[in-house]
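Take a look at the structure set out below.
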Amino acid sequence: EGRWSLAGSTALVTGGSKGIGHAIVEELAGLGARVHTCSRNAAELEECRRQWEGKNLRVTVSVCDVSVRAEREKLMDTVKRTLGGKLDILVNNAGQSMVKAATECTGEDYALVMATNIESCFHLEQLAHPLLLRSAGGGASSVVHISSIAGFVGFPGLAVYSMTKGAMNQLTRSLAAEWAGDGIRVNCVAPGGINTDVAKDMKLLNNGVFAMCVEQITRDPEIVKSQATQLPMQRLGETEEVASVVAFLCMPAASYITGQVICVDGGRTI
Ligand code: NDP
C-alpha cells in the first residue's frame with residue numbers, strides 16, 4: 001500500500017471512547033485502517049461506535065478494563081477474532097491519572113496506577129506479539145505507546161503517574177531492540193498538556209500551566225510563574241495534534257523509525 005496510507009491495516013487502540021484515544025481511532029480509521037477499541041463504559045463505547053459507523057469509519061468495540069489481567073486476555077481473543085488473526089498496529093493509550101502528594105498515596109493508589117498504565121501495556125504487548133508477527137514483514141507492524149512529558153520532567157503531585165510514564169519510555173527502547181528482528185517497530189508519543197478530561201484532573205489551565213501544584217501540593221505562586229515561562233507555545237494541545245503523530249509512526253513512511261519517544265508538547269521539554 002501507499003507510503004502515507006494505512007489502507008488495509010488492522011489496529012487495536014486502548015481507551016478510544018474519549019480524549020486522545022478517540023482522536024487516534026478516528027485518525028487511523030480515516031486513513032484506511034480497520035480499528036478495534038475498548039474502554040470500561042459499554043454505553044459510551046456503543047455511542048462512539050454508532051457515530052463512527054455514521055462517518056463510514058470501520059471501528060469495532062468491546063468493554064475491557066485494561067488494569068485486569070483476565071480482561072486483557074479476553075480483549076486479545078476478541079481482537080484476534082474480529083480482525084482476522086492479524087494485527088498491524090497496537091496503540092497503548094488507556095491511562096489513569098492520579099494527582100496526590102507522594103506522602104498521601106496508598107498502596108491501592110500505587111497498585112491501580114501501575115496496573116492500568118504500565119502492567120497493561122507490557123502484558124498487552126506480550127499477548128499481541130504473535131498477531132503482530134503475522135504482518136511484520138519489513139517493519140510493517142508497529143506498536144505505539146502514549147506516555148507523557150511527565151516521564152521526562154518532574155511535576156509535584158504526580159510521582160506515581162510519572163513513574164509509569166518513564167517506564168513506558170524505557171519499554172519503548174527495550175522492546176524496539178528486542179523486536180526489530182521480528183519486523184515490529186516500537187515507538188512512543190509523549191504528550192504535554194492536551195485538552196481532555198485528564199487535563200482537567202490535573203488542573204491544567206488553558207495556557208498549559210500546571211496549576212494543581214500550587215493549589216494542592218506546594219502552595220507556592222512562584223511555581224505557577226515558572227511553569228508559564230516553560231511552555232513556549234502557551235496553550236494546551238488538541239487531541240488531533242497527538243493522533244497525527246501516532247498515525248505517522250504507523251505508516252510505511254516511518255519504516256526506519258524505532259525506539260523513539262517523540263514529545264508533542266508545544267515545546268515544554270526543550
Ligand atoms: P481521557 O480521560 O480523556 O480518556 C481516557 C480513555 O481511556 C477513555 O476512553 C477511558 O474510558 C479509557 N480508560 C481509562 N482507564 C481505562 C481502563 N482501566 N481500561 C480501559 N480503558 C480505560 O484521557 P486522555 O485522552 O487525556 O489520556 C489518554 C492517555 O494520554 C493516557 O495514557 C494519559 O496518561 C496520556 N496523557 C494525557 C495528557 C493530557 O494532558 N490529557 C498528557 C500526557 C499524557 P473509561 O474511563 O470509560 O474506561
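Heavy-atom contacts from other residues, nucleotides or ligands closer than 6.0 Å to NZ of K74 number 12 or fewer. Shown here is F122, whose CZ atom has no more than 12 heavy atoms of other residues, nucleotides or ligands within 6.0 Å.
R34 places a side-chain N or O within 3.5 Å of a backbone atom of T82 that can act as its donor or acceptor partner. In this structure, R185 contributes its side chain and A254 its backbone to a donor-acceptor pair below 3.5 Å. Without hydrogens or angle criteria, E104 side chain to A102 main chain gives no donor-acceptor distance under 3.5 Å. Side-chain N or O atoms of T14 include one that pairs as donor or acceptor with a backbone N or O of A94 at under 3.5 Å. When atom types are taken as modelled, the side chain of T258 and the backbone of V186 share a donor-acceptor pair closer than 3.5 angstrom. Proximity of a side-chain donor or acceptor of T106 to a complementary backbone N or O of D109 within less than 3.5 Å is detected. Looking at T116, its side chain never comes within 3.5 Å of a backbone N or O of V113 through a donor-acceptor pair. Although no hydrogens or angles enter the test, the distance criterion places a donor-acceptor pair under 3.5 Å between the side chain of T10 and the main chain of K86. In this structure a side-chain-to-backbone donor-acceptor pair under 3.5 Å is present from D265 to T269. Panel note: side chain E241, backbone E238; a donor-acceptor pair is recorded below 3.5 Å.
Separation of atoms CG (L75) and CG (L124) is listed at 6.0 Å; rounding is to 0.5 Å. A distance of 6.5 Å separates CE in M114 from OG1 in T164, rounded to the nearest 0.5 Å. In this structure, NZ on K165 lies 15.5 Å from CD on Q170, to the nearest 0.5 angstrom. Rounded to the nearest 0.5 Å, atoms CG (L133) and OG (S141) are 7.0 Å apart. Distance check, rounded to the nearest 0.5 Å: CD1 of I89 to CE of M251 gives 9.0 Å. Rounded to the nearest 0.5 angstrom, M163 CE and M168 CE are separated by 14.5 Å.
T172 and N169 share no donor-acceptor pair across their side chains, judged by distance under 3.5 Å alone. Side chains of Q96 and N117: no donor on one and acceptor on the other come within 3.5 Å. Counted by atom type alone, H145 and N93 present zero donor-acceptor pairs between their side chains at under 3.5 Å. Q51 and H22 are not linked by any side-chain donor-acceptor pair at a separation below 3.5 angstrom, with hydrogens and angles left out of the test. Between the side chains of D65 and S67, at least one donor N or O sits under 3.5 Å from an acceptor N or O.
Between K200 and D197, at least one side-chain nitrogen of the basic residue sits less than 4.0 Å from a carboxylate oxygen of the acidic one, meeting the salt-bridge criterion. Contact check on R40 versus E71 returns no salt bridge, with no Lys/Arg side-chain nitrogen under 4.0 Å from an Asp/Glu carboxylate oxygen. A salt bridge between E26 and K55 is present, with a side-chain N of the basic residue lying under 4.0 Å from a carboxylate O of the acidic one.
A pairwise comparison of heavy atoms in S162 and A150 identifies CB-O, 3.1 Å as the closest pair. Across all their heavy atoms, L31 and A247 have their closest contact at CD1-CB, 3.6 Å. Between L87 and A128 the shortest heavy-atom distance is CD2-CB, 4.1 Å. Nearest heavy-atom pair, C263 versus I149, reported as atom, atom and distance to 0.1 Å: SG-CG2, 4.1 Å. Nearest heavy-atom pair, A11 versus L28, reported as atom, atom and distance to 0.1 Å: CB-CD1, 4.0 Å. In terms of heavy atoms, S62 sits closest to L45 at O-CD1, 3.3 Å.
Using a 4.5 Å heavy-atom threshold, the side chains of C188 and V144 count as separate. At a threshold of 4.5 Å between non-hydrogen side-chain atoms, the residues N187 and I262 do not count as touching. With contacts defined as side-chain heavy-atom distances shorter than 4.5 Å, the pair L171/C121 qualifies. The closest side-chain heavy-atom distance from I257 to F248 is below 4.5 Å. Under the 4.5 Å side-chain criterion, counting only non-hydrogen atoms from C-beta, S142 is not in contact with D88. Within the 4.5 Å cutoff, the side chain of S17 has no heavy atoms near those of the N41 side chain. Looking at heavy atoms from C-beta onward, T239 lies in side-chain contact with T196 at the 4.5 angstrom threshold. Looking at W52 and T37, their side chains come closer than 4.5 Å, going by heavy atoms from C-beta outward.
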Quiz prompt | Derivation and outcome, side-chain contact (heavy atoms from CB on, under 4.5 Å), residues R58 and V35 | solution = CA-CA 6 Å; R58 292 199 295 172; V35 184; over 6 Å; no
Practice problem: Under the side-chain contact (heavy atoms from CB on, under 4.5 Å) rule, what do I194 and L236 come out as? Steps first, then yes or no, please. | Solution: CA-CA 5 Å; I194 306 298; L236 287 177; over 6 Å; no
Practice problem: Show your reasoning for whether side-chain contact (heavy atoms from CB on, under 4.5 Å) applies to V143 and E125. | Solution: CA-CA 8 Å; V143 175; E125 284 159 12; 3.4 Å; yes
Quiz item: Checking side-chain contact (heavy atoms from CB on, under 4.5 Å) for the pair K100/Y161: CA distance, chi angles, key distance, verdict?
Solution: CA-CA 10 Å; K100 255 189 190 185; Y161 174 81; over 6 Å; no
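For the pairing with R50, the salt bridge (Lys or Arg N to Asp or Glu O under 4.0 Å) check across E46, E47, E53 returns one residue only, E47.
M76 and V68 are not part of a single hydrophobic cluster, where members link through side-chain heavy atoms under 4.5 Å apart. V264 and M233 fall into different hydrophobic clusters, where Ile, Leu, Val, Met, Phe, Trp and Tyr residues are linked whenever their side-chain heavy atoms come under 4.5 Å apart, directly or through other members. Both I24 and W4 sit in one connected hydrophobic cluster of ILVMFWY residues. Membership requires side-chain heavy atoms under 4.5 Å apart, directly or through other members. One hydrophobic cluster holds both L127 and L132 under the rule that ILVMFWY side chains link at heavy-atom gaps under 4.5 Å.
For S120, the side-chain contact (heavy atoms from CB on, under 4.5 Å) partners are V66, R72, not counting sequence neighbours. With sequence neighbours excluded, the residues forming a side-chain contact (heavy atoms from CB on, under 4.5 Å) with R81 are T78, listed by chain and number.
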